[in-house]
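Just so it is clear, the values below take in all heavy atoms, side chains as well, and ignore hydrogens, waters and symmetry mates.
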Amino acid sequence: MPTPILVVDDSAMARKMLIRALPVNWDVEITHACNGIEALAAYRAGKADVMFLDLTMPLLDGYSVLETMQKEGLNSYVVVVSADIQPLARERVRQLGAAAFVQKPVKASDIEIILREYGIAL
């Protein structure tokens with residue numbers, strides 16, 4: 001059974017680059033979201049066992065998505081994917097429940113390491 005993956009970024013190019021960085025042998029069903037509102041709707045619809053989440057987006061940013069998930073007790077393995085590499089940003093997303101942080105541009109090797117640490121067999 002494929003793993004439901006949610007890729008959240010307001011940039012279509014960034015979503016494509018992240019999807020290309022996923023392990024080729026990983027059985028996934030990918031859903032896209034352009035903002036935090038779409039991300040939460042897709043998550044609530046069961047489309048995000050693993051979520052790759054950008055921080056800077058219109059309508060509802062990644063921090064707000066994490067805050068909402070934390071307040072509602074929603075549970076997903078969230079990997080924040082952002083160009084913001086400031087230590088405060090990394091710490092804040094960890095406090096909000098993100099499991100990992102990956103810097104843009106995404107490297108396939110970084111994604112694979114994070115997934116293996118999570119226990120996903122590839």
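- Clustering of Ile, Leu, Val, Met, Phe, Trp and Tyr by side-chain heavy atoms under 4.5 Å joins Met1 with none of the others.
- Summarising the geometry of Ala48 relative to Leu6, their closest heavy-atom pair is CB-CB, 3.6 Å, with the distance given to 0.1 Å.
- A donor-acceptor pair under 3.5 Å links the side-chain atoms of Gln70 to the main chain of Gln95, judged by distance alone.
- Considering every non-hydrogen atom in both Val65 and Gly36, the closest pair reads CG2-CA, 3.3 Å.
- For the ring pair (Phe, Tyr, Trp, His ring centres under 6.0 Å) condition, the pairs that include at least one residue of residues 65-106, sequence neighbours left out, are Tyr77-Tyr118.
- Pairs of residues two or more places apart, or lying in two chains, never qualify as salt bridge (charged side-chain N to carboxylate O under 4.0 Å, His left out) while including a residue from residues 18-36.
- Interatomic distance, Ile19 CD1 to Ile5 CD1, rounded to the nearest 0.5 Å: 10.0 Å.
- For Lys104, the side chain to side chain donor-acceptor pair (under 3.5 Å) partners two or more places apart in sequence, or in a different chain, are Asp9, Asp54.
- Considering only residues two or more places apart in sequence or on other chains, Gln103 meets the side chain to side chain donor-acceptor pair (under 3.5 Å) condition with none of them.
- Met17 and Leu55 are members of different hydrophobic clusters when ILVMFWY side chains are connected at heavy-atom separations under 4.5 Å.
- Of all heavy-atom pairs between Asp49 and Ser76, the closest is O-OG, 3.3 Å.
- In this view, Asp61 and Ser64 satisfy the side chain to side chain donor-acceptor pair (under 3.5 Å) rule, not counting sequence neighbours.
- Lys71 NZ to Leu96 CG: the interatomic distance, rounded to the nearest 0.5 Å, is 9.5 Å.
- Side-chain heavy atoms closer than 4.5 Å link hydrophobic residues (I, L, V, M, F, W, Y) into clusters, and following such links, possibly through other members, connects Leu59 to Leu66.
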Would Ile113 and Arg116 satisfy side chain to side chain contact (heavy atoms under 4.5 Å, CB included), going step by step from the backbone distance to the final call?
-> CA-CA 5 Å; Ile113 289 168; Arg116 288 188 188 280; 6.0 Å; no
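- Legend: side chain to side chain donor-acceptor pair (under 3.5 Å) pairs involving residues 30-40, not counting sequence neighbours, sorted by first then second residue: Arg15-His32.
- Applying the salt bridge (charged side-chain N to carboxylate O under 4.0 Å, His left out) test to residues at least two apart or on different chains, the pairs with a partner in residues 86-102 are Glu67-Arg92.
- Applying the ring pair (Phe, Tyr, Trp, His ring centres under 6.0 Å) rule to pairs touching residues 49-68 yields nothing, sequence neighbours excluded.
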